[in-house]
2 protein chains.
Amino acid sequence: MPRAGLDAASVVACAAAVADEVGFAELSMGLVAERLGVRTPSLYKHVDGLADLNRRIAVLALNELGDAVRDAIGGRSGSDALGAMARAIRDFVVKHPGRYAATVGMPGGDQADPLDVAGARVITSMAAVLHGYDIAPQDLNHALRTLRSLLHGFATLQAANGFQWDDDAEESFAWLVAFADRGLRRTGG
Amino acid sequence: MPRAGLDAASVVACAAAVADEVGFAELSMGLVAERLGVRTPSLYKHVDGLADLNRRIAVLALNELGDAVRDAIGGRSGSDALGAMARAIRDFVVKHPGRYAATVGMPGGDQADPLDVAGARVITSMAAVLHGYDIAPQDLNHALRTLRSLLHGFATLQAANGFQWDDDAEESFAWLVAFADRGLRRTGG
DNA sequence: AGCCAAAAGCTAATCCGATTAGCCAGCCGT
DNA sequence: ACGGCTGGCTAATCGGATTAGCTTTTGGCT
């Protein structure tokens, strides 16, 4: 029996792909093992069970999302950066609904936890976008949380297909960006 | 052995309470049965398995949320209504994180599906709040989706304790409402 | 009051996915 | 070539969901 040549990274990558295809809720160790041409218990040599696998998928997703957002806002500012960021998130979630779903509701660890580190990168990019607006320093955290709520909710509804914006999705998306832009201006601070 | 006198409604109510206490992800048939002083298989006389139970919890939650929001915005309009609605949602989610979690990612059925009916009631209240703003008719749907994204994301992050707004939560909340209010004004329609 | 069918509980058994235990072969450095 | 570590496998365990089939209560009817 030849070795399959697996490691933690390849298992997680495969699991993320499976999650995107069948939905995060349907992800199972057996499905991943089958995809890798391996028996289920073999996975335990690389990841520490399903909970650990889920968390690693979340870390992968947040890192990928962080990269995508960083790249998207590079060289832009203001509403331009805001729109680019929103679009990057939207594209990511539409393309990878399973791995995005893995990130929601995942409890955080300490600051050194890879999950928190990856999450912090995304937040950092959001903060960078906010710097393009005239927001009082003491309001930055509030604005950050608000923007996070908007974009996260938007992403979650997209992932869950929560509403049928099949038809005029693009228009609604543009409206959302404009809404956020208005909301971030003249903050009264 | 005396009858326990259960019916679908009491089972769902109990399950919702359990979900609020232990978290939606930890909800199990066994936990609900134990709480009701009954053996697990007995529950199948009232609900059609765990998936059905989950869906019923979601229906219950959306109905309760719909009531809460309707009551909150009664007699108010504009930013006043907006703030009341946001607060109603927030209070509900903080008080009932488990049943709110049951609603996210629950696939919809047809229009007669109780879940869709309950969801539509919440949406109707949101639409009512929007009527207090000067939004062009063709933008109403976009505004609705946007507002839904913001409030849903906000609720989800609260339920998941996604960020530590333990400290100045109230201030951030007020900022979010003000942000939405600004975003809904002068829509350029 | 007594009878009967449906409903509601129960026990025992099954199924399935996660997880663990313990065995064995392939790969690496000497 | 040898020895140990690594990664894969089979077999077994565990736990929660679900099903099958039995029994008793309950409510309606005569």
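Values below: all heavy atoms of this structure, side chains included; hydrogens, waters and symmetry mates excluded. To find a chain, count down the sequence lines: A is the first, B the second, and so on, and within it residues start at 1. All values derive from a computational prediction rather than experimental measurement.
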Measure from the side-chain heavy atoms of A:L50 and tell me the nearest of C:dA18, D:dA17, D:dG8. C:dA18
Which whole-number value in Å describes the distance from A:Y44 OH to C:dA18 P? 6 Å
Report the nucleotide, chosen from D:dG8, D:dT10, D:dA17, that has the shortest atom-to-atom distance to any side-chain atom of A:H46. D:dG8
Under a 3.5 Å cutoff, is there a donor and acceptor pairing between the side chains of A:E171 and B:H142? yes
Roughly, in whole Å, what's the span from CG in A:D52 to P in C:dT20? 12 Å
Do the ring planes of B:Y100 and B:F92 sit parallel (below 30°), tilted (30 to 60°) or perpendicular (above 60°)? perpendicular
Among the nucleotides C:dT11, D:dT18, D:dG8, which one has an atom lying closest to any side-chain atom of A:L6? D:dG8
Test side chain to side chain contact (heavy atoms under 4.5 Å, CB included) on B:R99 and B:E64 and set out the steps. CA-CA 10 Å; B:R99 65 190 81 187; B:E64 289 176 345; 3.1 Å; yes
Less than 4.0 angstrom between a side-chain N/O of A:S42 and OP1 or OP2 of D:dC9, yes or no? yes
Would you indicate which nucleotide in D:dT10, C:dA8, C:dT11 comes nearest to any side-chain atom of B:R39? C:dT11
Please report the distance, rounded to the nearest Å, between CG in B:L53 and C1' in D:dG16. 14 Å
Nucleotide D:dC9, atom P - distance to CD of A:E34 in whole Å: 13 Å
Assert: residue with more 5' nearest nucleotide on DNA chain C, out of B:P41 and B:D7, is B:D7
A:M29 CE to D:dG8 C1', in whole Å, measures 14 Å
Got A:N141 and B:S172 here, is their nearest side-chain heavy-atom distance under 4.5 Å? no
Using whole Å, what does the distance between atom P of nucleotide D:dT25 and atom NZ of B:K45 come to? 15 Å
